Amino acid sequence: MPILKANDFSLAHTLECGQVFRAAKVGDWYYVNARDRLFKIRQKGDDLTYDGDADDAFLRRYFSLDHDLNEILAKIGLDEHVSKAIEQYRGLRILRQDPWECLISFLCSRAQNIPNIKKTVESICETFGKKVRLDDYVSYAFPAPGQLKDMEGLKAAKTGFRAESIAAANSLQTEESLAALAKPPYPDAKKKLMELPGVADKVADCVLLFSLGFLQAFPVDTWIKQAMCECYFGGQKVSPDKIREFAQIYFGEYAGYAQQYLFCQIRLAKGGEPEPEEEENGQETGT
DNA sequence: CCGCAGGCCCCAC
DNA sequence: GTGGGGCCTGCG
């Protein structure tokens, strides 16, 4: 099996920090669906061993191994809060996901917790996607733009009130129009994304950050909002707009990296999701 | 059975 | 320009 070298990279933190919903841990492998690809990958030190529908070039790009993590972490490690998160999660990288899959996934994320987002996305794939297999692992490809127009299917996939916005994205966007959104400047790209129904600041920033290369995007969800108010606003309640504005100035061009590291930290501190943990080093940070 | 989850939208003030 | 309720659905 091919081996890819990667320093300053943590496969586990990158896949489990909540930026992607279609990576499943099986033993010491992660099986990852990305659009119509299915591959498996595992890490031992600096070695990434993989198999399935992937190659070095794709993986370097998908896992953003070209990001200069030293520079990025140096620029965002401005205080004890981020520094602590960096210590804990060093090697976490912002993925370069497929924009279409990312957009639909975060449309599904509205008013749901992570386990339910995963279920909804899986359900969409099972309803509309092609079956794919690697070893004994069977799953479904992510449907392409244009394939999500059937409202009955969307409802059957338990997308609920999100169905309309998914169908709208399906009819308004194409592979090309989404790729074109990667063009700076950030405010222009964000404005265009937010023309889609169901896409406001949070969803737009997730798509911009996790798939379109805008590392300054700073998605403000309820968890980050809480943490930012506690850490940077003396516990007073501040609006998401103000938080984002502050973060992008304070952290600068890599604000999105700060967001992901802080997000991981909060989920750990607050108990986060009851993810089925495989690791056996249960370190209780009792409060 | 009620309340809430990684939001958005619409409607009052 | 802010603030609060409703929304599909699943789970505690």
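Predicted model only: the values in this text are computed from it and were never measured. Proteins get letters first, then strands, A, B, ... in listed order; numbering begins at 1 in each.
A:Glu126 has no carboxylate O lying under 4.0 Å from a charged side-chain N of A:Lys119, or vice versa, which leaves the two without a salt bridge. Between A:Asp66 and A:Arg61 there is no salt bridge, since no side-chain N of the basic residue sits under 4.0 Å from a carboxylate O of the acidic one. Taking 4.0 Å as the cut-off between side-chain N and carboxylate O, A:Lys40 and A:Asp135 count as a salt-bridged pair. Salt-bridge annotation for A:Lys202 and A:Asp205: absent, with no side-chain N of the basic residue lying under 4.0 Å from a carboxylate O of the acidic one. Using a cutoff of 4.0 Å between basic side-chain nitrogens and carboxylate oxygens, A:Glu195 and A:Lys191 are not scored as salt-bridged.
The two residues A:Gly256 and A:Ile94 come nearest to each other via the heavy atoms O-CD1, 4.0 Å. A:Cys17 approaches A:Gln260 most closely through the heavy-atom pair SG-OE1, 2.9 Å. Here the closest heavy-atom approach between residue A:Leu69 and residue A:Arg93 is recorded as CB-NH2, 3.9 Å.
Chain A approaches DNA chain C within less than 4.0 angstrom (heavy atoms of the protein), and the contacting nucleotides run 5' to 3' from C:dC7 to C:dC11.
To the nearest whole angstrom, the two P atoms, one in B:dC2 and one in C:dG6, are 14 Å apart. Nucleotides C:dG10 and B:dC9 place their P atoms 23 Å apart, quoted to the nearest Å. The same atom, P, is picked in B:dC11 and in C:dC8; the two are 15 Å apart, to the nearest Å. Spacing between C:dT2 and B:dG6 at atom C1', rounded to whole Å, works out to 22 Å.
For A:Asp221 and B:dG7, the CG to C1' distance is 10 Å, given to the nearest whole Å. Rounded to whole Å, the distance from CD1 on A:Ile117 to C1' on B:dC4 is 14 Å. What separates CD1 of A:Ile224 from P of B:dG6 is a distance of 13 Å, to the nearest Å. Rounded to whole angstrom, the span from the CZ atom of A:Phe106 across to the P atom of B:dA5 amounts to 18 Å. When rounded to the nearest whole Å, the span between CD1 of A:Ile243 and C1' of B:dG6 equals 14 Å. Spacing between atom CD of A:Glu164 and atom C1' of B:dC8 amounts to 13 Å, rounded to whole angstrom units. Between the CD atom of A:Gln226 and the P atom of B:dG7 there is a distance of 11 Å, rounded to whole Å. In this structure, CH2 of A:Trp223 is placed 11 Å from P of B:dG7, rounded to the nearest angstrom.
Shown for residues 145-160 of chain A: residues whose heavy atoms fall under 4.0 angstrom of DNA chain C, namely A:Lys158, A:Gly160.
A heavy-atom distance below 4.5 Å is not found between the side chains of A:Pro240 and A:Asp201. No side-chain heavy atom of A:Leu95 sits under 4.5 Å from any side-chain heavy atom of A:Phe210.
The aromatic rings of A:Phe246 and A:Tyr232 are tilted relative to each other, their planes meeting at an angle between 30° and 60°.
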Throw together a table of side-chain donor-acceptor distances under 3.5 angstrom for residues 51-59 of chain A, partners on residues two or more places apart or in other chains.
residue : atom : partner : partner atom : Å
A:Asp55 : OD1  : A:Ala57 : N            : 3.2
A:Asp55 : OD1  : A:Phe58 : N            : 2.8
A:Asp56 : OD1  : A:Tyr50 : OH           : 2.4

In residues 151-159 of chain A, what donor-acceptor pairs under 3.5 Å come from side-chain atoms, sequence neighbours left out?
residue  : atom : partner  : partner atom : Å
A:Lys155 : NZ   : A:Glu164 : OE2          : 3.4
A:Thr159 : OG1  : A:Leu154 : O            : 2.7

Bracket string, DNA chain C, 5' to 3' - pairs by Watson-Crick or G-U geometry under 3.5 Å, | interstrand: |||||||.||||
For nucleotides 9-12 of chain B, tabulate all protein N/O to nucleotide N/O atom pairs closer than 3.5 Å, reporting atom names and distance.
residue : atom : partner  : partner atom : Å
B:dC9   : OP1  : A:Gly198 : N            : 2.8

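In terms of position along DNA chain C, the nucleotide closest to A:Ala111 lies nearer the 5' end than the nucleotide closest to the other residue of the pair A:Lys119 and A:Ala111.
Taking the six-membered ring for Trp and the full ring otherwise, the centers of A:Tyr261 and A:Phe251 sit at least 6.0 Å from each other.
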